[in-house]
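Along the sequence shown, residues carry numbers from 1.
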Amino acid sequence: RPIAWGAIGLGLVITGAFGVVFWLGGGVIAAWFVTDAAVVALAAQLLVVGALFQGVDGVQVIGAACLRGIGDLKVPTMLTFAAYWVVALPLGYALGIRGGMGAVGMWVGIASGLALAAVLLPWLLAAQINDFHRVETLRRLALVACALEQHWIAHGNFSGATTLKVNWPLYAGPMSL
């Protein structure tokens, strides 16, 4: 858990720093590549959206990677598919083409889809981590139950069952109750 949340936090710090650079220095950055004032102005507007894009994109990528790391592939894939194809592209089309916002509208739509993924994927990660914690707790309770059963079989009672030797394939060692 600390590694996953630490990765997301570090990702937010790094992408946030670049976002600030894009936000404040968009015009300067664009001027490094082109000299046309209209293109520089449009690029500066896009980099403002890109500044917001940075943080949410970083969170959703790290969230998806953490979920892949714990073996969950299907649900994150469905969530990102919905965020990109059901939210981002239609919203980008609606804002950029139908709404007259042009390229900025398309980027706002894409950033919105990424924001949705950036909310849903860490939420799913938290749910998965908590489930793993619950599974581990249940596993430990099962170990205690097995140890108590073994003690009962060996001694006919529970007296003296404060430290037990567990004979179970997933755990073999003393366990204090």
Query raised in the report: What are the two closest heavy atoms between L120 and L79, and how far apart are they?
Result: CD1-CD2, 3.9 Å
Query raised in the report: Is L116 reachable from M78 through a run of I, L, V, M, F, W or Y residues, each pair having side-chain heavy atoms under 4.5 Å apart?
Result: yes
Query raised in the report: Looking at CG of D57 and CD1 of I110, how far apart are the two atoms once the value is rounded to the nearest 0.5 Å?
Result: 10.5 Å
Query raised in the report: Are any of the side-chain heavy atoms of L52 and V56 separated by less than 4.5 Å?
Result: no
Query raised in the report: Is there a chain of hydrophobic side chains (I, L, V, M, F, W, Y, each step under 4.5 Å between heavy atoms) that links V61 to F53?
Result: no
Query - Connected-component partners of L10 among ILVMFWY, side-chain separation under 4.5 Å - result: I14, F18
Query raised in the report: Does V49 belong to the same Ile/Leu/Val/Met/Phe/Trp/Tyr cluster as L47, with side-chain heavy atoms less than 4.5 Å apart forming each link?
Result: no
Query raised in the report: Would you call W5 and I8 a side-chain contact if the rule is heavy atoms closer than 4.5 Å?
Result: yes
Query raised in the report: Which atoms form the tightest heavy-atom contact between T15 and G55, and what is the distance?
Result: OG1-CA, 3.4 Å
**Report entry** Minimum-distance pair of heavy atoms, taken over all atoms of G19 and A51
**Finding:** O-CB, 3.0 Å
Query raised in the report: What is the distance from atom CG of L124 to atom CG of L67, rounded to the nearest 0.5 Å?
Result: 5.0 Å
Query raised in the report: Do the side chains of L46 and L42 get nearer than 4.5 Å, heavy atoms only?
Result: yes
Query raised in the report: Which heavy atom of L121 sits nearest a heavy atom of Q60, and at what distance?
Result: CD1-O, 3.4 Å
Query - P122 versus V119, closest heavy-atom pair with distance - result: CD-O, 3.7 Å
Query raised in the report: Is there a chain of hydrophobic side chains (I, L, V, M, F, W, Y, each step under 4.5 Å between heavy atoms) that links I62 to I3?
Result: no
Query raised in the report: Does one hydrophobic cluster hold both V59 and L114, with members joined at side-chain heavy-atom distances below 4.5 Å?
Result: no
